[in-house]
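The structure appears right after this line, and notes come after that.
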Number of protein chains: 2
Amino acid sequence: MGGPAFLSKQWHVRYRAQRAAEFGAYCREQGLAVTPQRVAIIRALLSAEDHPRADQIYARVRRQHPHISLTTVYRTLEQFCEMGQARKVTLLHEGARYDGNITPHHHVLCVGCQRVFDIALPEADRLLHDRERLGEFVLLRCLVEVQVLCGQCRRKGQNSTGVRPRRQRPVQSAAQS
Amino acid sequence: MGGPAFLSKQWHVRYRAQRAAEFGAYCREQGLAVTPQRVAIIRALLSAEDHPRADQIYARVRRQHPHISLTTVYRTLEQFCEMGQARKVTLLHEGARYDGNITPHHHVLCVGCQRVFDIALPEADRLLHDRERLGEFVLLRCLVEVQVLCGQCRRKGQNSTGVRPRRQRPVQSAAQS
DNA sequence: TTACCACCTGGGAATAACTACCAACTAAAA
DNA sequence: TTTTAGTTGGTAGTTATTCCCAGGTGGTAA
Ligand SMILES: [Mn+2]
Ligand SMILES: [Mn+2]
Ligand SMILES: [Zn+2]
Ligand SMILES: [Zn+2]
């Protein structure tokens, strides 16, 4: 289904380079110091394509910064979300996942392996697009979560429809580069 | 804002009675024993109108069954979800909430007080309504989470747009009946 | 009505995922 | 450089949930 343009490898490579280049400026803009830890974390996040959890970012960053602490990773990822440099994705009821791609998009979640995929869903963006209010409520944002069974999991046959138990780690099909 | 019909008090009273009446049959159908604990929990869930967390259900059930254990509440709520008698609602990143109303509807979440409100959103239901597949993915369900600021929180002025810290308890505006 | 037992329950221990705290450190302004 | 406000690494604490298992009980077969 040749996905939308922003999902292509090409696009991702350029996007990552651009964001990395601008990172220092963004930090200064927010009055935040440009520390090696922050740089390492944003790099790990930008090069991830799998919506990693904090502990996964930790593991990856540790290859270059064996001394970094898990606390710093949690703290920094939260800061990135606050300053708009990352998105927190909290699907189902497992640990939070982080997304370095801050262009507007929605997520597809496989209830079998719990992998998260990007999806463009223009219909969804149009959903409450024009409205500022919904009765007494001021609209802030509207998130769409599509629960699916991916090809891999469908072939394995289990997972009729129900929601999976928590804390089941996703299948690690291969080591990341 | 006179919401949709299924949100009316009237509707809720009848719905609750009907569901409570059918509960025993549903259990037997699934090969589950009709224990006093299960009955108490489904009753608490059906009469709740606030999408309570497991610990809140526990507190309410304990008024009639001072001996029930928290484990049983967690376990039973999960079972209800599995057998389709309850819905698990996991917005933001706080503890799971349970919903005894299993008619299709979506949720509005106030990022200020973290209260959850029901909402009918026919546009959303139509979103992927007709499709069975999305590329390699088999569609299971599509959830829409609308993040808002409720009237109460808007008046208090805080909460520009960001996501609130976790584990902040919702305001208990009044004791429930 | 009773006996049986597969299924259930209570309570405490364990775990996962954060979060708080604080002394030591360091980016960056002066 | 010097200064210091902002940052970091450990470690302890918390919350929400799950695990474990000995003892209890609903449902049914006799
Ligand atoms: Mn994404
Ligand atoms: Mn609801
Ligand atoms: Zn899958
Ligand atoms: Zn509110």
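Lettering of chains follows the sequences in order, A, B, ..., and the numbering in each one begins at 1. For clarity, every value in this text was computed on a predicted model and none was experimentally measured. Note that these values count all heavy atoms, side chains included, but never hydrogens, waters or copies made by symmetry.
Note: CZ (B:R53) to P (D:dT15) measures 11 Å, nearest angstrom. Atom P of nucleotide D:dT7 and atom CD1 of A:I42 are separated by 15 Å, given to the nearest angstrom. What separates CZ of A:R75 from C1' of D:dG10 is a distance of 11 Å, to the nearest Å. Separating the NE2 atom of B:H67 from the C1' atom of C:dT9 is a distance of 11 Å, rounded to the nearest angstrom. Distance B:R62 CZ to C:dG10 P: 11 Å, rounded to the nearest Å. When rounded to the nearest whole Å, the span between CG of A:D55 and P of C:dC18 equals 8 Å. Atom P of nucleotide C:dC18 and atom CG of A:L70 are separated by 9 Å, given to the nearest angstrom. Summarising the geometry, the separation between CZ on B:F80 and P on C:dC8 is reported as 11 Å, rounded to the nearest angstrom.
Between the base of D:dT11 and the side chain of A:T71 there is a donor-acceptor pair shorter than 3.5 Å.
When atom types are taken as modelled, the side chain of B:H51 and the backbone of B:E49 share no donor-acceptor pair closer than 3.5 angstrom.
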Scan nucleotides 26-28 of chain D against the protein and return all N/O pairs shorter than 3.5 Å with their distances rounded to 0.1 Å.
unit_1, atom_1, unit_2, atom_2, d
D:dG27, OP1, B:V34, N, 3.0

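You'll find that the side chain of B:Y74 is closest to D:dT17, out of D:dT7, D:dG10, D:dT17.
Between A:V111 and A:V148, every side-chain heavy-atom pair lies at or beyond the 4.5 Å cut-off. Side-chain contact between B:R38 and B:I42: absent, with no pair of heavy atoms (C-beta onward) separated by less than 4.5 Å.
Among the protein residues, A:I68 comes within range of the sugar-phosphate backbone only, with heavy atoms under 4.0 Å from sugar or phosphate atoms but none that close to a base.
Checked for salt-bridge contact, A:R155 and B:E136 miss the test: no charged N lies under 4.0 Å from a carboxylate O. A salt bridge is absent between B:E145 and A:R141: the closest approach of a Lys/Arg side-chain nitrogen to an acidic carboxylate oxygen does not fall below 4.0 angstrom.
Side-chain N/O atoms of B:Q79 and B:Y74 include no donor and acceptor closer than 3.5 Å. For A:D118 and A:H106, the side-chain atoms include no donor-acceptor pair closer than 3.5 Å.
Sequence order on DNA chain D of the closest nucleotides to B:A54 and A:V73 puts A:V73 first from the 5' end.
For the OP1/OP2 pair of C:dG10 and a distance below 4.0 Å, the side-chain nitrogens and oxygens of B:Q37 include at least one atom meeting the criterion.
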